[in-house]
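Here is how names work: the chains are called A, B, and so on, in the same order as the sequence lines, proteins then strands, and each is numbered from 1.
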Protein chains: 2
Amino acid sequence: MNQPRIQGRHAGLNRDQILEAAVALIDAEGRRALSMRRLAQELGVEAMTLYHYVRNKGALEDAIVEHVLAESVEEPDGDGSWQEVLADYARALHRGLLAHPGVVPLFATRPALTPRGVRTLEDLLGILTDAGFTPRTALTMVHATAACVLGQHVGRGDEDAEEATASALPAGEDLPLMRAALADGVPGLEERFQIVLTALVSGYEATLSG
Amino acid sequence: MNQPRIQGRHAGLNRDQILEAAVALIDAEGRRALSMRRLAQELGVEAMTLYHYVRNKGALEDAIVEHVLAESVEEPDGDGSWQEVLADYARALHRGLLAHPGVVPLFATRPALTPRGVRTLEDLLGILTDAGFTPRTALTMVHATAACVLGQHVGRGDEDAEEATASALPAGEDLPLMRAALADGVPGLEERFQIVLTALVSGYEATLSG
DNA sequence: ACCTGAACACCGTTCAAGT
DNA sequence: ACCTGAACACCGTTCAAGT
C-alpha cells in the first residue's frame, strides 16, 4: 500500500479501491481514524488526490454507507412467507452492521437506507402487498424495521459499554430487579435483535388480521 | 452571553450552564457547530476553561446525552397497564429526540441509555415483571424498545433527506409499488414511530401468552 | 480555584501549479 | 487527466503561567 511512486504518475486509483480502503481503515482503527489525509496515506497518495473521486468527506461517508449496504443486503429470493423474507432482510442488515461496527455512526449522520437498492425495495414491497399490506404501509414497515435494526447497533460505542452499565450500578441503592436482570450477564446486542425481530413480525401480523 | 469580563475573574460558570449552552448551540446550528472553542466563545470564556468542568470533548458529549434524557424521560406513574407504561416511555424518548434532532448523532457514538435514570428503569422493570416477564426479558425489552425509537430518528440527517428519497427514484425504471407507496408523500418519522410502537407492544403481548 | 496564552499535532478544503 | 505543495481557517488538548 505504501509503495513509493514517481510523482505525477497515475496511481491507478479508482472509487471502489478508495471505499474498500476506507472501510478497512474504519474496521481496523475505528471511525475516528478516518480522515482524508490518513486515508490518502493508506493508499500511498496525497490527500488532495481523493478529491478527484469524491466531492468531499461527506460524500465519501455516504458512499461508504452505500458500499456496506450493497455488500450485505441482496435481493430477496421469490419464495418464503413475507415473514421469512422480512426477517431475512433484517438479518442481512444486522450481519452487515456486525461486520463493520465502525461504520454504524456513519449511518447515523447520513441519508440512510437505500438511495440505491431500490430494486430490492420494490421486490420487498411486492411480497408484502401480496400478503395484503398497502404499498404505503409496506414501505413504512420496511423502513421502520431497518431503523429498528440499526438502532440496536447504535450506541454500542467502544465495544464494552455494556460492561460499564453493569458496573455503574450505584452500589448503595436498592435495585433488586436490575440486579436480577443482570445476574446472568448484560443482555447483549444479539438478544435485543432477536426480541425485536420476533416482536415486530408478530406485531405486523396482528395489524394484518386486526 | 458575550459580555466582556475582567481577565482572571471567575466567570461563574457551572456544569449545567455549559450543558445547556451546548444543547442550545447544537439546536441552533447543528452538531457540527459544537467545538470546544466555539462553545467557550458562546459562554464568553476561553476554550481551556471548559476543561475544568469536563474531562474532554467525549465526556462533554456523554453529559449532553444524559442531560437530554433526564429532561425528557421521567419516572412512570404507578397506574396504567404495562403496555401503556412502556408506550409512555417510548413516547417520552421520542419527544426528547424530536426536540433536539441535532443531538441524535451523539446517541449514536455514546454509551447510550441510562447510566443515570436507573431508578426509572427499576420502576419499569417492576411493572413488567408484575405482568409476567422475567427481569432479564423485561430489561431486554426496555433497551430494545429504546433502541428502536432512537433508530427511527437516526439518519434523518439534514432534515429533508426524505424528500431526496422521493426524487432520487430512477426516472426510467419500472417501480410501480414504490411509486404507489410514495403517492401520498413519503412516510415520515411519525408514521414509522407509530407502526413500530404498535407492533412492538403487540409483539411483546404475544410473547407473554405464547 | 479558576482562568488564560502559546504551542503542538492534527483537521477539511481551495487554488495554482506541475507532469 | 491525474496528482501535488503550499496555504487558510479551523480542530482537541498539553502545559506553564497568571490572578
- To the nearest Å, give me how far apart CD (B:E46) and C1' (C:dA7) are. 14 Å
- Calculate the interatomic distance between B:N14 atom CG and C:dC2 atom P; express it in whole Å. 11 Å
- Message: What does the B/S/- profile of nucleotides 9-16 of chain D look like, 5' to 3', with a 4.0 Å heavy-atom cutoff to protein?
- Response: --BBBB--
- Task: Report the residues that fulfil ring-ring contact (aromatic ring centres under 6.0 Å, His included) with A:H94, sequence neighbours left out, ordered by chain and then residue number.
- Result: A:H153, A:F193
- Answer yes when A:R95 and A:E71 have at least one side-chain N-carboxylate O distance shorter than 4.0 Å, and no when they do not. no
- Note on the structure: The salt bridge (charged side-chain N to carboxylate O under 4.0 Å, His left out) partners of A:D16 (sequence neighbours excluded) come to none
- Taken in chain and number order and not counting sequence neighbours, the residues that satisfy salt bridge (charged side-chain N to carboxylate O under 4.0 Å, His left out) with B:E190 are none
- Message: Please confirm whether the shortest side-chain N or O distance from B:Y53 to OP1 or OP2 of C:dC3 is below 4.0 Å.
- Response: yes
- Message: Are B:L106 and B:V68 packed together at the side-chain level, in the sense that at least one heavy-atom pair is separated by less than 4.5 angstrom?
- Response: no
- Task: Would you kindly give the CG-to-P distance between A:L43 and D:dC3, to the nearest whole Å?
- Result: 11 Å
- Item | salt bridge (charged side-chain N to carboxylate O under 4.0 Å, His left out) partners for B:R15, two or more places apart | none
- Starting from the C-alpha separation in whole Å, work towards a yes-or-no answer on salt bridge (charged side-chain N to carboxylate O under 4.0 Å, His left out) for B:R91 and B:E84. CA-CA 10 Å; B:R91 275 189 282 262; B:E84 251 333 297; 3.0 Å; yes
- Message: Measure CD1/B:I18 against P/C:dC2 and give the value in whole Å, please.
- Response: 11 Å
- Message: A quick test of your reading: do over 12 heavy atoms of other residues, nucleotides or ligands sit less than 6.0 Å from CD of B:E75?
- Response: yes
- Query: Tell me: NE2 of A:H52 to P of D:dG5, nearest whole Å?
  - Reply: 13 Å
- Message: Just to be sure I follow the notation: if a pair is Watson-Crick (purine N1 to pyrimidine N3 plus N6-O4 or O6-N4) or a G-U wobble (N1-O2 and O6-N3), each under 3.5 Å, what dot-bracket string does DNA chain D give, with | for pairs to another strand?
- Response: ||.|||||...|||||.||
